[in-house]
Amino acid sequence: MVRILLVRGLLVGLLAGLVAGGFAFAFGEPRVDDAIALEEAAAQAASSQPAEEAGHSHAEKAGHSHGEEAEVSRPVQKGGLFLATGLYGLAVGGVFALVFAGLRGRVGPRSDGRLALAAAGTAFAAVILVPFVKYPANPPAVGDPDTIGSRTLLYVVMVLVGLAAIAIAVATARRITAGPWARWVGAVAAFLVPVVAAWWLLPTVDEVPDGFPATLLWQFRLASIGTQLVFWTAFGVLFGWASDRAPRRTAVPARVAAPG
């Protein structure tokens with residue numbers, strides 16, 4: 001059964017990744033193009049100034065190109081977007097299927113379809129939404145290359161906090177026997193306590209340069225979180241639909257073979 005779930009997760013993940021890639025191509029890539037245009041315009045303006053006024057940092061920006069002369073041109077990057085989201089879907093689908101196999105019959109709804117939706121929504125909240133609230137995605141021209149290591153580490157810490165918060169919430173809900181509403185309230189509170197504490201304690205990263213258009217920044221961030229929302233929604237719905245159909249396909253021959 002685990003092998004069947006793994007194959008299902010890989011196929012559904014690939015399909016959901018391509019769907020999310022289409023969303024990112026339609027809504028995210030135009031924002032990336034706008035941000036790159038701003039970055040290159042600023043670099044050209046800096047390169048036209050005298051060396052003593054432009055400074056070393058401006059010279060570095062002038063040499064940073066996203067256009068046709070870059071190592072990977074924008075047309076190639078846009079084409080590779082679907083490859084990236086497809087591979088992302090394969091990886092997520094494989095991990096999700098293994099976790100789903102461990103959850104069946106132990107945690108959550110008894111229906112495979114409902115469990116898939118609940119697990120996908122929980123994964124989106126823990127792995128995507130929790131770190132995004134603290135450290136939202138930024139377009140090109142936003143962020144210091146020298147701090148990418150520390151920013152990545154902080155993001156990973158928030159992902160781990162989200163996963164730990166889910167585990168604490170599930171354990172809390174299983175200990176409460178007062179009723180469904182009490183379990184829900186206890187689980188939500190147990191989830192929010194470590195998450196809010198991490199949001200408050202971890203350092204804030206604000207590297208948006210002065211003058212960067214706020215509208216473009218938030219359009220990019222909305223497209224980024226929207227791509228993830230589309231992926232996890234598509235994945236949860238498709239995986240749940242396939243899981244609900246599988247028992248019906250296996251049950252039909254059994255009813256036909258049964259004596260009248």
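This structure is a prediction, so every number in the text was calculated from the model and none was measured. What's counted below: heavy atoms across the whole structure, side chains too, no hydrogens, waters or symmetry copies. Residue numbers run from 1 in the order of the sequence given.
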Connecting only ILVMFWY residues whose side-chain heavy atoms lie within less than 4.5 Å of each other, what is the rest of [X]'s hydrophobic cluster?
X: Leu117; value: Val237
X: Val7; value: Leu11
X: Val185; value: none
X: Leu222; value: none

- [ ] Scan for side chain to side chain donor-acceptor pair (under 3.5 Å) pairs involving residues 129-142, sequence neighbours excluded, and state none if there are none.
- [x]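 Non-adjacent pairs meeting side chain to side chain donor-acceptor pair (under 3.5 Å): Lys134-Thr204, Asn138-Arg221.
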
Throw together a table of side-chain donor-acceptor distances under 3.5 angstrom for residues 227-235, partners on residues two or more places apart or in other chains.
unit_1 : atom_1 : unit_2 : atom_2 : d
Thr227 : OG1    : Ala223 : O      : 2.8
Gln228 : OE1    : Tyr88  : OH     : 3.1
Thr233 : OG1    : Leu229 : O      : 2.7

How many angstroms lie between [atom1] in [X] and [atom2] in [Y], if you round to the nearest 0.5 Å?
X: Phe27; Y: Phe220; atom1: CZ; atom2: CZ; answer: 15.0 Å
X: Ser243; Y: Leu115; atom1: OG; atom2: CG; answer: 8.5 Å
X: Ile225; Y: Leu129; atom1: CD1; atom2: CG; answer: 5.5 Å
X: Thr85; Y: Phe23; atom1: OG1; atom2: CZ; answer: 12.5 Å

Under 3.5 Å, side-chain donor or acceptor atoms of residues 154-178 against the rest of the protein: list the pairs with distances, not counting sequence neighbours.
unit_1 : atom_1 : unit_2 : atom_2 : d
Thr172 : OG1    : Ile168 : O      : 2.8

Task: Partner residues of Phe25 under the ring-ring contact (aromatic ring centres under 6.0 Å, His included) criterion, sequence neighbours left out - done: Phe82

Open item on the list: Run the side chain to side chain contact (heavy atoms under 4.5 Å, CB included) test against Val188 and tell me which residues pass, sequence neighbours left out.
Closed with: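 Per chain and number, Val188 pairs via side chain to side chain contact (heavy atoms under 4.5 Å, CB included) with Leu192.
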
Task: Which residues share a side chain to side chain contact (heavy atoms under 4.5 Å, CB included) with Thr147, sequence neighbours left out - done: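 Checked Thr147 against side chain to side chain contact (heavy atoms under 4.5 Å, CB included); matches are Asp144, Ser150, Arg151, Glu207.
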
Shortest non-hydrogen separation from [X] to [Y] and the atoms involved:
X: Leu5; Y: Ala97; answer: O-CB, 3.1 Å
X: Ala116; Y: Phe239; answer: CB-CD2, 3.7 Å
X: Pro209; Y: Val142; answer: CD-CG2, 4.0 Å
X: Thr122; Y: Ala118; answer: OG1-O, 2.7 Å

Task: Contacts of type side chain to side chain donor-acceptor pair (under 3.5 Å), residue Arg114, not counting sequence neighbours - done: none

TODO: Could you note down all residue pairs passing salt bridge (Lys or Arg N to Asp or Glu O under 4.0 Å) where residues 15-33 supplies at least one of them, sequence neighbours left out?
DONE: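 Salt bridge (Lys or Arg N to Asp or Glu O under 4.0 Å) check on residues 15-33 returns Glu29-Arg74, Arg31-Asp34, Asp33-Arg74, Asp33-Lys78.
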
- [ ] Answer yes or no: is there a side-chain heavy-atom contact under 4.5 Å between Trp199 and Val130?
- [x]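 Side chain of Trp199 against side chain of Val130, heavy atoms only: contact under 4.5 Å found.
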
Task: Side-chain heavy atoms of Val2 within contact of Phe100, under 4.5 Å - done: no

- [ ] Answer yes or no: is there a donor N or O on one side and an acceptor on the other, between the side chain of Asp112 and the main chain of Asp244, under 3.5 Å?
- [x] no

Task: Within 6.0 Å of CG in Leu201, more than 12 heavy atoms from elsewhere - done: yes

